[in-house]
Amino acid sequence: MRIITDIAEMQAAADEARLTGKRVGVVPTMGYLHEGHLNLLRTAREHARFVVLTAFVNPAQFAPNEDFEKYPRDFERDRALAEKAGTDVIFFPSREEMYPNGCETFVEVSHLSQVLEGEFRPTHFRGVTTIVAKLFNCTKPHVALFGQKDAQQAAMIRRMVKDLNFDIEIIVGPIVREADGLAMSSRNVYLSPGERKDALVLSQALHLAKDLISRGEKDTSAIRSAMFLLIAGKPTAAIDYVACVNPETFQTVKALHSGEPVLFLLAVRIGKTRLIDNEIIEVG
Ligand code: AMP
């Protein structure tokens with residue numbers, strides 16, 4: 001496994017792989033790997049002969065009051081885990097390598113970047129789509145893998161690829177959870193033992209939604225109210241949003257219809273840690 005920190009060297013390695021007929025797959029991450037990332041790497045291996053993991057904590061997607069400085073980092077651990085998962089290259093550029101002169105050019109998916117997460121983190125998605133576009137140009141993939149954990153991000157990347165004609169297949173992997181249901185996240189290390197218990201309320205609220213729907217509830221505001229009540233019962237929890245949307249368009253869904261799946265999404269602060277989770281629910 002090679003570690004590449006230089007953009008020109010990364011592009012040359014991707015060119016060489018392409019010239020020798022290998023499909024190139026990329027898994028963009030901010031490092032501090034967990035099973036969610038490793039599952040994407042293993043899926044990448046099924047679709048590509050040359051698998052690149054990018055590990056870059058992207059300052060452009062953090063607001064000044066957010067956790068850029070304290071975001072967990074452990075490159076040696078990531079290196080060992082990535083190698084075991086069958087990675088060919090870790091692209092690990094410095095901030096100076098990616099943004100030598102700041103950034104004047106941004107990629108923005110207008111509507112999708114403004115709603116839900118975008119309301120609470122107004123500059124976040126512009127940072128995400130811009131860095132992903134840059135990483136695509138650095139790693140020249142045929143296929144790129146993202147996680148359903150960040151459902152809105154995945155939808156935006158799909159839209160960006162379509163709108164800007166990137167010749168890249170996008171694959172979205174399922175949410176990987178801890179045994180008790182908590183969606184894996186690099187940020188889970190911030191949680192104290194008490195908060196870790198309260199954090200279970202995100203997946204429990206999604207479970208409750210599924211349960212109510214299976215019992216015939218069709219009114220999404222009734223379902224969202226029940227979810228709110230459950231979450232509000234946890235002393236450390238503060239809700240940013242609980243939403244029910246069309247999984248493709250992200251338009252709000254008010255009434256459920258048989259055969260039309262919906263996406264429930266939520267963002268909840270547990271103490272100082274902001275967590276997100278979601279689930280696509282089939283309506284019987
Ligand atoms: P991050 O390092 O948190 O920016 O995540 C990098 C990629 O891994 C993104 O495409 C995430 O959606 C994906 N990812 C993060 N956590 C999970 C998870 N628990 N299950 C599946 N994919 C995940």
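Whatever order the structure lists them in is the order used to number ligands and atoms, beginning at 1. Quick note: numbers below take in every heavy atom, side chains included, and nothing from hydrogens, waters or symmetry partners. None of these values were measured; they are calculated from a predicted model.
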Next on the checklist: As a check for students: among Gln148, Glu178, His37, identify the option with a heavy atom nearest to atom 5 (O) of ligand 1.
Outcome noted: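 Answer by nearest heavy atom: His37.
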
Item to check | Validation row: Val262, Glu260 side chains within 4.5 angstrom (heavy atoms) | outcome: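 Not in contact.
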
Item to check | Heavy atoms from other residues, nucleotides or ligands near NZ of Lys218 exceed 12 (cutoff 6.0 Å) | outcome: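 Enclosed.
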
Item to check | Glu248 atom CD, over 12 foreign heavy atoms within 6.0 Å | outcome: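 Counting neighbours around CD of Glu248, 12 or fewer heavy atoms of other residues, nucleotides or ligands fall under 6.0 Å, so no.
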
Geometric cation-pi criterion, [X] with [Y]: 6.0 Å, 45°:
{"X": "Lys210", "Y": "Phe264", "value": "no"}
{"X": "Arg187", "Y": "Tyr71", "value": "no"}
{"X": "Arg159", "Y": "Phe166", "value": "no"}

Is [X] touching ligand 1 with its side chain, its backbone, both, or neither, if touching means heavy atoms under 4.0 Å apart?
{"X": "Val27", "answer": "neither"}
{"X": "Pro28", "answer": "backbone"}
{"X": "His34", "answer": "side chain"}

If you have a sec, work out which protein heavy atom is nearest [atom] and how many Å separate them, to one decimal?
{"atom": "atom 20 (N) of ligand 1", "result": "Val176 N, 2.8 Å"}
{"atom": "atom 21 (C) of ligand 1", "result": "Pro174 O, 3.2 Å"}
{"atom": "atom 23 (C) of ligand 1", "result": "Lys149 CB, 3.8 Å"}

For ligand 1, find out whether one of its N or O atoms is nearer than 3.5 Å to an N or O atom of [X].
{"X": "Ser186", "value": "no"}
{"X": "Gly173", "value": "no"}
{"X": "Met30", "value": "yes"}
{"X": "Ala183", "value": "no"}

Item to check | Residues Asp240 and Arg121 bridged, charged N to O under 4.0 Å | outcome: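 The answer is no: the pair does not qualify as a salt bridge.
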
Next on the checklist: Under a 4.0 Å threshold between the charged nitrogen and the carboxylate oxygen, would Asp88 count as salt-bridged to Arg45?
Outcome noted: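 So Arg45 pairs with Asp88 through a salt bridge.
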
Checklist entry - How many angstroms lie between atom CZ of Arg274 and atom OG of Ser185, to the nearest 0.5 angstrom? => result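 OG of Ser185 is found 11.5 Å from CZ of Arg274.
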
Checklist entry - For the atom pair NE2 (His142) and CZ (Arg23), what is the distance rounded to the nearest 0.5 Å? => result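 With rounding to 0.5 Å, NE2 (His142) is 6.5 Å from CZ (Arg23).
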
Which ligand 1 atoms does [X] reach within 4.0 Å, using its non-hydrogen atoms?
{"X": "Phe146", "answer": "10 (O)"}
{"X": "Gly147", "answer": "9 (C), 10 (O), 11 (C), 12 (O), 13 (C), 22 (N)"}
{"X": "Leu40", "answer": "8 (O), 13 (C)"}
{"X": "Ile175", "answer": "20 (N), 21 (C)"}
{"X": "Met184", "answer": "16 (N), 17 (C), 18 (C), 19 (N)"}
{"X": "Thr29", "answer": "2 (O), 6 (C)"}
{"X": "Gln153", "answer": "9 (C), 10 (O)"}
{"X": "Asp150", "answer": "11 (C), 12 (O)"}

Checklist entry - Can you tell which of Phe250, Phe146, Phe125 makes a side-chain contact (heavy atoms from CB on, under 4.5 Å) with Met156? => result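 Only match with Met156 under side-chain contact (heavy atoms from CB on, under 4.5 Å): Phe125.
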
Item to check | contact_flag Arg187 ligand 1 heavy-atom lt 4.0 Å | outcome: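 No heavy atom of Arg187 comes that close to ligand 1.
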
Checklist entry - Do we see a donor-acceptor contact under 3.5 Å between the side chains of Tyr99 and Asn58? => result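 Yes, side-chain donor-acceptor contact under 3.5 Å.
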
